[in-house]
Number of protein chains: 2
Amino acid sequence: MKLKRYSLAEQAYREMLKQIISGQWQAGDKMTEESLCEHFKISRTPAREALMSLTRDGLVERQPRCGWRICSPTTEQVYELFECRRQIECLALKSAIDNIPEEKLEALKEALLSETESPKRISLQVDDDLHQLIADHCGNSYLKNILERLSRQSSPFRYFRTDSDSTEKIQQERLTLIEEMLNKNTDKALKLLSDHIAQGRKILEDRKTL
Amino acid sequence: MKLKRYSLAEQAYREMLKQIISGQWQAGDKMTEESLCEHFKISRTPAREALMSLTRDGLVERQPRCGWRICSPTTEQVYELFECRRQIECLALKSAIDNIPEEKLEALKEALLSETESPKRISLQVDDDLHQLIADHCGNSYLKNILERLSRQSSPFRYFRTDSDSTEKIQQERLTLIEEMLNKNTDKALKLLSDHIAQGRKILEDRKTL
DNA sequence: AATCTTTAATTTGTATACAGTATACAATTA
DNA sequence: TAATTGTATACTGTATACAAATTAAAGATT
């Protein structure tokens with residue numbers, strides 16, 4: 001068993017990713033390399049590398065000679081992001097639908113059904129798993145990478161959905177999506193997935209919190 | 001007038017990009033940070049940053065503690081890359097076809113027609129312009145970014161096409177593609193674009209030089 | 001002769017010092 | 001008082017020194 005030790009840059013990157021996704025580091029926050037060093041007790045070199053990685057993910061912006069700040073896309077840009085993801089994930093689903101092992105879908109269905117007690121928190125995990133499943137089995141590693149990046153990039157705006165009151169309905173729609181995928185009913189599955197992602201946008205729109 | 005001075009990292013990045021795209025830096029070549037420093041007369045910090053940028057583009061691979069090397073994807077992976085690009089660019093074309101200004105297409109047509117004397121070299125530029133036009137007008141900045149990255153990533157494998165003997169035919173097909181775009185004939189244009197990109201793959205296949 | 005161990009050399013990962021630039025604030029002038 | 005210029009501060013860009021780790025080689029043991 002080989003225990004992999006991540007570099008300081010990698011550790012800082014992962015930690016910041018969590019912070020940004022969970023919303024603890026607010027969008028628009030300006031940050032200095034120095035403050036990061038203090039926070040993680042590392043030097044500037046790995047701190048800068050972590051920032052560059054986050055920039056690659058489209059989560060942090062770099063202004064030459066003027067520091068770094070967490071991306072705060074306009075509402076319109078977030079719409080574009082969701083729309084982009086919707087279109088590309090539909091592409092992936094077309095290829096993936098025949099390749100996803102049934103047992104994985106069944107497992108997901110199980111998980112979805114068994115979470116009646118605490119739907120808000122767990123459902124995000126199931127959601128991730130479903131999207132990951134599609135990416136994993138689309139048969140194209142580049143498409144997979146693109147989807148993973150888009151997923152990361154849109155994750156800061158995902159948490160808005162959890163405290164929606166329409167949890168029940170969303171969960172039901174997910175269930176039927178999985179069913180249709182099991183049935184290899186491509187057209188219906190595509191429609192459902194499309195709606196599912198577009199919903200993220202719609203909830204955002206209703207709130208107008210940006 | 002504000003004169004923008006690029007950072008050393010940016011300069012090195014651009015230069016390396018050119019080198020890789022033009023094939024002067026061979027795929028599979030292993031390189032050390034030190035050698036880059038010598039070559040560009042810079043220190044390791046900007047050299048590393050340039051390498052990280054290239055890694056982001058999918059052109060350079062980093063093996064922790066074991067150096068950097070230019071990506072040498074397998075034939076199968078290059079196929080995947082082209083296929084990914086084909087699918088996503090078709091998405092973009094669907095959205096773009098109604099937004100691309102006619103005069104731009106006309107200009108491209110002109111350029112294509114006027115290059116009968118030296119078709120091999122210039123045609124690449126027209127090709128780039130066409131793909132850029134589609135990306136620019138798809139109405140989604142994320143999709144645009146993805147396409148640009150895919151374009152950069154596949155550019156090292158594009159030069160194989162120039163010395164093909166079927167230049168005439170390729171040129172004709174491009175012309176009809178532009179025509180169909182002008183006619184707003186989405187279905188035909190999609191088919192032609194699809195073939196156009198797939199052709200890159202096919203030429204690669206015929207050569208089996210990888 | 002082959003294999004395992006240890007050691008040396010090379011190269012990346014990290015820390016830090018220095019230089020240059022941008023921003024903010026103060027001072028001076030119109 | 002407003003505007004412009006000068007100055008100080010803070011932060012990024014860059015260079016370099018040091019630490020850690022991997023690879024390769026040399027040596028010893030079976």
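A note on names: the letters A, B, ... follow the listed sequences, proteins ahead of strands, and every chain is numbered from 1.
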Using whole Å, what does the distance between atom [atom2] of nucleotide [N] and atom [atom1] of [X] come to?
X       : N      : atom1 : atom2 : answer
B:Leu8  : C:dC18 : CG    : P     : 20 Å
A:Lys30 : C:dA22 : NZ    : C1'   : 10 Å
A:Glu34 : C:dA15 : CD    : P     : 13 Å
B:Arg69 : C:dT12 : CZ    : C1'   : 16 Å
A:Tyr6  : C:dT14 : OH    : C1'   : 19 Å
B:Phe40 : D:dA15 : CZ    : C1'   : 17 Å
B:Glu38 : C:dT11 : CD    : C1'   : 14 Å
A:Lys41 : C:dA15 : NZ    : P     : 13 Å

Any idea which of [options] is nearest the [X] side chain?
X       : options                : value
B:Glu33 : C:dT14, C:dG13, D:dG13 : C:dG13
B:Arg65 : D:dC11, D:dT22, D:dG13 : D:dT22
B:Cys66 : D:dT23, C:dG13, D:dT16 : D:dT23
B:Ala9  : D:dT14, D:dC11, C:dG13 : D:dT14
B:Arg44 : D:dA17, D:dA15, D:dT23 : D:dA17
A:Ser43 : D:dA20, D:dA15, C:dA15 : C:dA15

Quiz item: Between D:dA15 and B:Arg48, is there an OP1 or OP2 to side-chain N/O distance shorter than 4.0 Å?
Solution: no
Quiz item: OP1 or OP2 of C:dT14 sitting under 4.0 Å from any side-chain N/O of A:Thr45?
Solution: no
Quiz item: Can you tell if the side chain of B:Cys71 reaches within under 4.5 Å of the side chain of B:Val60, non-hydrogen atoms only?
Solution: no
Quiz prompt | Heavy-atom neighbours of A:Lys18 NZ exceed 12 at 6.0 Å | solution = no
Practice problem: Establish, yes or no, whether the cationic atom of A:Arg85 lies under 6.0 Å from the six-membered ring centre of B:Tyr142 and within 45° of the ring axis. | Solution: no
Quiz item: Is it true that a side-chain atom of B:Glu89 and a backbone atom of B:Arg86 form a donor plus acceptor pair closer than 3.5 Å?
Solution: no
Practice problem: For the pair B:Ser151 (side chain) and B:Leu147 (backbone), establish whether a donor and an acceptor sit closer than 3.5 Å, ignoring hydrogens and angles. | Solution: no
